[in-house]
Amino acid sequence: MENIEILGLVAATLTTSAFVPQVYKTWKNKSVKDISLSMYTVLLMGLLLWIVYGFYINSLPIIAANVITATLSVLIVIMKIKYK
């Protein structure tokens, strides 16, 4: 694996892991009052496009980071709808 690919995986890990505390806090507190559904909807659309792009250029860091972040975003959207 090339150094630039490792750099991409580290960046992907850091940016993706930034969503974990929000998912955990939302799940734990069952509070979605301050969560913007429109922001997460737009973010999810962008993430899906990044996934397609990642497959197009065959980039594991882009694919992995965006699949995981999209999954976390879907969880937030589900909780936003469920706990509203």
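It should be emphasised that the depicted structure is a prediction, and the values quoted were computed from it without experimental measurement.
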Might you confirm whether atom CD1 of I57 has over 12 heavy atoms from other residues, nucleotides or ligands at distances under 6.0 Å?
-> yes
Measure the acute angle between the ring planes of W50 and Y53, then classify it against the limits of 30° and 60° as parallel, tilted or perpendicular.
-> perpendicular
Applying side chain to side chain contact (heavy atoms under 4.5 Å, CB included), run through L14 and V10 and close with a yes or a no.
-> CA-CA 6 Å; L14 292 173; V10 170; 4.1 Å; yes
Whether T16 side chain and T13 backbone form a donor-acceptor pair below 3.5 Å = no
More than 12 heavy atoms of other groups within 6.0 Å of N29 CG | yes
In Å and rounded to the nearest 0.5 Å, what is the CG to CG distance from L72 to L44?
-> 11.0 Å
Kindly compute the distance separating CD1 (I68) from OG (S73), expressed to the nearest 0.5 Å.
-> 12.0 Å
Do the side chain of K80 and the main chain of S36 share a donor and acceptor less than 3.5 angstrom apart?
-> no
L43/F19 under side chain to side chain contact (heavy atoms under 4.5 Å, CB included): CA gap, chis, key distance, verdict = CA-CA 12 Å; L43 175 66; F19 283 84; 3.5 Å; yes
Does some side-chain heavy atom of M79 sit less than 4.5 Å from a side-chain heavy atom of I35?
-> no
Is there a chain of hydrophobic side chains (I, L, V, M, F, W, Y, each step under 4.5 Å between heavy atoms) that links V32 to V20?
-> yes
N66 side, atom CG; L48 side, atom CG - distance, nearest 0.5 Å = 9.0 Å
Cation-pi check, K25 to W27: give yes when NZ or CZ is under 6.0 Å from the six-membered ring centre and within 45° of the ring axis, no otherwise.
-> no
Which atoms form the tightest heavy-atom contact between A70 and I51, and what is the distance?
-> CB-CD1, 4.3 Å
Pairwise distance OG1(T26) to CG(D34) - rounded to 0.5 angstrom = 9.5 Å
Passes side chain to side chain contact (heavy atoms under 4.5 Å, CB included), T69 versus T15? Steps please.
-> CA-CA 9 Å; T69 306; T15 56; 5.7 Å; no
Single-linkage hydrophobic cluster Y83~V23, side-chain heavy atoms < 4.5 angstrom = yes
What pair of heavy atoms forms the shortest contact from Q22 to Y40, and how long is it?
-> CG-OH, 3.6 Å
In terms of hydrophobic clusters joined by side-chain contacts under 4.5 Å, are L9 and I62 together?
-> no
Are V67 and Y56 connected, step by step, through hydrophobic side chains (Ile, Leu, Val, Met, Phe, Trp, Tyr) whose heavy atoms are closer than 4.5 Å?
-> no
In one Ile/Leu/Val/Met/Phe/Trp/Tyr side-chain cluster, 4.5 Å: I76, V74 = no
If you look at every heavy atom in P61 and A12, which pair is closest and at what distance?
-> O-CB, 3.7 Å
